[in-house]
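Below is one structure, written out as structure tokens, with a few remarks after it.
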Amino acid sequence: MIKVLVAGALGRMGTEVCKKVCSEEGLELVGGVDMRAATITPAEGVSVEVSTDLEAAVKALQPDVVVDFTRPNVVMGNLRKVLPLGVHCVVGTTGFKAEDLQEVDALAKAHNTGILIAPNFALGAVVMMKLCEEAAKYFSDVEIIEKHHDQKLDAPSGTALITAEKIAAVREAHKQGHPEERETMAGVRGGDYEGIRIHSMRLKGYVASQEVVFGGQGETLTISTDPVSRECYMPGVALACKKIGSHVGLVWGLDKLL
Ligand code: NAD
């Protein structure tokens with residue numbers, strides 16, 4: 001059995017992860033951590049304590065894996081506590097900067113542990129990114145429109161960023177649009193990742209959709225993904241909990257474990 005502790009256990013994603021861990025063969029939920037203590041019942045007959053001190057919980061419960069779905073401003077502090085204790089990490093929290101990724105990679109290697117950071121655990125998103133890499137070989141220009149619920153704290157989404165990175169890796173960086181275009185309202189052309197424009201919508205009603213629109217001569221190609229519930233992330237999280245133990249250092253993106 002792989003023992004799992006969930007950080008952010010009372011949140012929207014953490015709640016789903018606790019349920020999934022309880023129903024998944026080979027995984028055992030040993031506890032949770034959040035901003036307040038609670039007793040949760042993620043499955044019939046299963047009662048688990050949520051405490052408020054991550055380091056103390058890891059030392060007491062000795063999990064094999066800590067799953068983190070907390071907040072962009074919290075996750076680095078959590079990883080700086082957990083990785084030195086030699087515990088593997090599976091991270092869905094978004095908002096990492098390039099220097100954060102370097103730091104956790106070094107920290108994990110120094111303590112002989114593995115950490116997966118996946119901006120998107122949904123299979124649809126992973127396949128969408130693969131299709132985008134392929135399409136980018138044939139279409140020179142592309143814009144990404146990501147659409148999330150209005151409680152999301154970071155923008156652009158981690159998925160939009162990793163999609164842009166993957167597209168940028170298979171094309172020459174170049175400025176898109178008219179060479180002399182100018183914004184008469186700040187930000188209307190979106191963010192710029194090596195010439196790829198990223199637009200972040202935040203509206204009640206969305207979960208986490210993304211459209212990637214490629215433009216060519218006389219045609220466009222749109223690749224999109226629409227999760228309809230948070231359940232779509234759970235098979236990826238369970239798989240990551242089972243596989244991360246055989247890695248050392250940072251694994252960036254779920255596709256590397258599939
Ligand atoms: P949420 O606000 O519902 O949950 C976050 C939880 O973390 C809350 O319960 C909060 O109390 C808790 N928390 C805050 N500070 C904490 C701390 N110091 N220690 C422990 N717990 C703490 O948010 P959510 O919708 O569940 O999303 C969580 C994160 O996951 C976000 O960054 C979001 O973008 C990301 N996300 C990732 C994926 C993916 O596939 N990778 C999918 C959906 C959401």
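Start at 1 and go down the list; that is how both ligands and their atoms are numbered. As the structure is a prediction and not an experimental result, all values here were calculated from the model.
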Main-chain N/O of [Y] paired with [X] side-chain donor or acceptor, under 3.5 Å:
{"X": "H88", "Y": "D64", "result": "no"}
{"X": "D141", "Y": "Q176", "result": "no"}
{"X": "R197", "Y": "G190", "result": "yes"}
{"X": "T41", "Y": "A43", "result": "no"}
{"X": "E211", "Y": "I223", "result": "no"}

State plainly whether the residues [X] and [Y] are in salt-bridge range, i.e. N to O under 4.0 Å.
{"X": "E146", "Y": "R202", "result": "yes"}
{"X": "K152", "Y": "D154", "result": "yes"}
{"X": "D255", "Y": "K166", "result": "yes"}

Handout entry: A208 touching ligand 1 at heavy-atom level, < 4.0 angstrom
Key =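 No, A208 has no heavy atom closer than 4.0 Å to ligand 1.
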Exercise for the section: Look at ligand 1 and say whether A7 reaches it with a heavy atom at a distance under 4.0 Å. Expected result: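 Under 4.0 Å: no for A7.
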So which protein heavy atom does [atom] come closest to, and at what separation?
{"atom": "atom 30 (O) of ligand 1", "answer": "F69 CD2, 3.4 Å"}
{"atom": "atom 12 (C) of ligand 1", "answer": "D34 OD1, 3.3 Å"}
{"atom": "atom 29 (C) of ligand 1", "answer": "T70 O, 3.4 Å"}
{"atom": "atom 18 (N) of ligand 1", "answer": "V74 CG1, 3.3 Å"}
{"atom": "atom 2 (O) of ligand 1", "answer": "R71 NH2, 3.1 Å"}
{"atom": "atom 37 (C) of ligand 1", "answer": "G92 O, 3.0 Å"}
{"atom": "atom 27 (O) of ligand 1", "answer": "M13 CG, 4.1 Å"}
{"atom": "atom 41 (N) of ligand 1", "answer": "A118 O, 2.9 Å"}

Problem - Worked check of side chain to side chain donor-acceptor pair (under 3.5 Å) between D53 and S51 - result: CA-CA 6 Å; D53 184 335; S51 62; over 6 Å; no
Should the proximity of [X] to ligand 1, defined as any heavy atom under 4.0 Å, be assigned to the side chain, the backbone, both, or neither?
{"X": "R12", "value": "both"}
{"X": "Y233", "value": "side chain"}
{"X": "P119", "value": "backbone"}
{"X": "T93", "value": "both"}
{"X": "K152", "value": "side chain"}

Practice task
Give the single entry among H149, M35, Q151 that approaches atom 16 (C) of ligand 1 most closely by any heavy atom.
Solution key: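 The option holding the nearest heavy atom is M35.
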Problem - Proximity winner for atom 32 (O) of ligand 1, if only heavy atoms of V237, T94, N78, T15 are counted - result: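 The residue whose heavy atom sits nearest atom 32 (O) of ligand 1 is T94.
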Practice task
Check each atom of ligand 1 against the heavy atoms of G11 and keep those under 4.0 Å away; list them by number with element.
Solution key: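 With G11 as reference, the close atoms of ligand 1 come out as 3 (O), 4 (O), 6 (C), 8 (C), 9 (O).
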Problem - Ligand-residue contact atoms, ligand 1 with L10, heavy atoms, under 4.0 Å - result: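 What qualifies from ligand 1 is 9 (O).
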Problem - Residue pair H174, E194: steps toward the side chain to side chain contact (heavy atoms under 4.5 Å, CB included) verdict - result: CA-CA 7 Å; H174 63 276; E194 298 194 11; over 6 Å; no
Handout entry: Minimum side-chain heavy-atom gap C18-I40 below 4.5 Å
Key =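 Yes, at least one pair of side-chain atoms sits under 4.5 Å.
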Practice task
Walk me through it: do V75 and F96 pass the test side chain to side chain contact (heavy atoms under 4.5 Å, CB included)?
Solution key: CA-CA 9 Å; V75 62; F96 285 87; 3.7 Å; yes
